[in-house]
Amino acid sequence: MDHNKLAQLLFPHITKTAQQYREEIYPRRQLPEGAMVTRFAPSPTGFLHIGGVFTSLVNERCAHQTGGVLMLRIEDTDKKREQQDGISAILNGLDSFGIRFDEGVLKEGEQGAYGPYTQSHRAEVYQTFCKDLVERGLAYPCFCTEEELSEIRARQEKDKALPGYHGEYARCRDLTYEQIEENIKAGKPYVMRLRSPGRPGGRVKYKDVIKGQIEMDENIVDIVLLKSDGIPTYHFAHAVDDSLMGTTHVIRGDEWVSSVNIHLQLFQVLGMKPPKFAHVAPVMKEEDGGKRKLSKRKDPEAAVSYFTEEGYPADSVIEYLLTLANSTYEDWRRANRDLPYTEYKFRLDKMGQSGALFDLKKLRSVSAEVISRFDAQKVAALATAWAKEHDGQLYDCLAADPAYAEGLFAIDRGGKKPRKDIAKWSDVREYVSYFYDELFERSETLEMDPALQKQVLEQYLPVYDPADDRDTWFARMKTICPALGFASEVKEFKSAEPGTFKGHVGDVSAVVRMAVTGRKNTPDLCSVMALLGKERCEKRIRDYMETL
Ligand code: GLU
């Protein structure tokens, strides 16, 4: 068979050559030694899974900490899965997590010299490489219909043979030029298949950066390279794109591990050096004592929109994902509280081989820690922005007086042991409620005789001075203790015979706290009262006394 003639029959419109693409259109990248070129390659389904953020973060860290390049490639070869606006939903999602791409389909438009970065715009490139394979006798058209393919499958089942189009089952493998020409003239649809050079019984080995040494059967299936519309399959597009784009490390979900034999073969027939592969295990969820993949259908937290809606700051999610990615991250963070995560030396080869457990409790605790280190201005700004979208009443409160909002978040912030009351912005309503009359409600009670509480407040009201600083405020609390039969010092209370005192100064302030805030636990009460102001504090105290 004259392969060149066949190539010309199949691809008359292709004028460039594979060599031109390899050498001129996509020249080798000039990057420093060790620089990693990675990519995140979502399909435009519009759904960004938290596992996708995890994988893109890993790609991002590898590229940027080595002075390399991070690309975003859109894999839209499966039109059935495509959603309208699917791309922008993914781009916005990644952007909200602060994952910045250097090349590819970016929010502000396409960027980079190795594009186009949307696979559906690259049909001519794939066809050129397929034509090249035809010229070298490594690809052929297959006219089998769906019925014929199911017939083959049925026969293979009966024969207990490896499924797929291969060997004796590959009917179109040896069609003559004339047969092919006739079929094409008759308008029969066809796909382009690889003439797999794999040997039955052959084995391939490769070293996965995460999973280690992997050995598998050589691929013998004549896989589809181009579908009948001339659009490539994932496998072919992956090999062509990652070769031309100079990807050094393909870091992707481990559902692709079992296809690496196909991919290595494709790089081989294309005459291109394969990248390194790193297969990331999926994010898991604990269920009934076992583990299963975090599921788009069953688990709301699988979608990144969950985190936005609950109000987890992007910083928290990233921080948590890093703890899942490398087990030494948490120790590093404890030793380096104030450094950005980008200072941590991420290790791809130290990622777990089995899926990390996504635990919302742990996320909450990581997030509370992250938020505890934000300054008040940032907390107020982010909480207000969240409330604007998700809690109108809270937004009205926070936005009415930004300085007041900042003031309340500033209480007990900073310092060595900051409070960790807020893990997500949806916690803010509860946290700030007593600072706003519109949100304030009393839900807790104090275990102290109401009549005694009333006496405490009767003593406190005349001495309360909103101008007091923290020390004076507390000293004043102490001054009313003796008349009430309370110890002015906790020590004094503890060393005295039981029954000597009704309580101590802490119990006195607990009553004031309950009166003013309706809570047993708040940040520094003196600061809270200063912010609330005299009028509001006195009114709250009086209202509370009425209830006693
Ligand atoms: N488009 C593929 C997917 O969504 C990406 C796999 C890869 O990164 O190569 O699974």
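Position 1 is the first residue of the sequence, and the numbers go up from there. Note: hydrogens, waters and symmetry copies are ignored here, and every other heavy atom, side chains too, is used. Whatever order the structure lists them in is the order used to number ligands and atoms, beginning at 1.
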inquiry  = Show me the pairs that pass salt bridge (charged side-chain N to carboxylate O under 4.0 Å, His left out) and involve residues 17-31, at least two apart or across chains.
reply    = R29-E103
message = So for S43, does at least one of its heavy atoms come nearer than 4.0 angstrom to any atom of ligand 1?
response = yes
ask   = For ligand 1, which atoms have a heavy atom of E75 less than 4.0 angstrom away?
value = 1 (N), 2 (C), 5 (C)
query = Sequence neighbours excluded, which residues qualify as salt bridge (Lys or Arg N to Asp or Glu O under 4.0 Å) partners of E151?
reply = R171
ask   = Which ligand 1 atoms, with their elements, are less than 4.0 angstrom from a heavy-atom of R39?
value = 7 (C), 8 (O), 9 (O)
ask   = Of the backbone atoms (N, CA, C, O) and the side-chain heavy atoms from C-beta on, which set of H238 has a member under 4.0 Å from an atom of ligand 1: side chain, backbone, both, or neither?
value = neither
remark   = The answer for which part of F40 has a heavy atom under 4.0 Å from ligand 1 is neither
remark   = Paired with T38, the side-chain contact (heavy atoms from CB on, under 4.5 Å) test is passed by just one of P275, C62, S56, namely C62
key: Side-chain donor-acceptor pair present, D76, S120, cut-off under 3.5 Å   = yes
key: Sidechain-backbone polar pair: S295 side chain, K298 backbone, donor-acceptor under 3.5 Å   = yes
key: Element-labelled atoms of ligand 1 that are located less than 4.0 Å from some non-hydrogen atom of R252   = 7 (C), 8 (O), 9 (O)
ask   = Do the charged groups of R364 and D427 touch, with an N to O distance under 4.0 Å?
value = no
message = Are any of the N/O atoms on A41, whether in the backbone or the side chain, positioned under 3.5 angstrom from an N/O atom of ligand 1?
response = yes
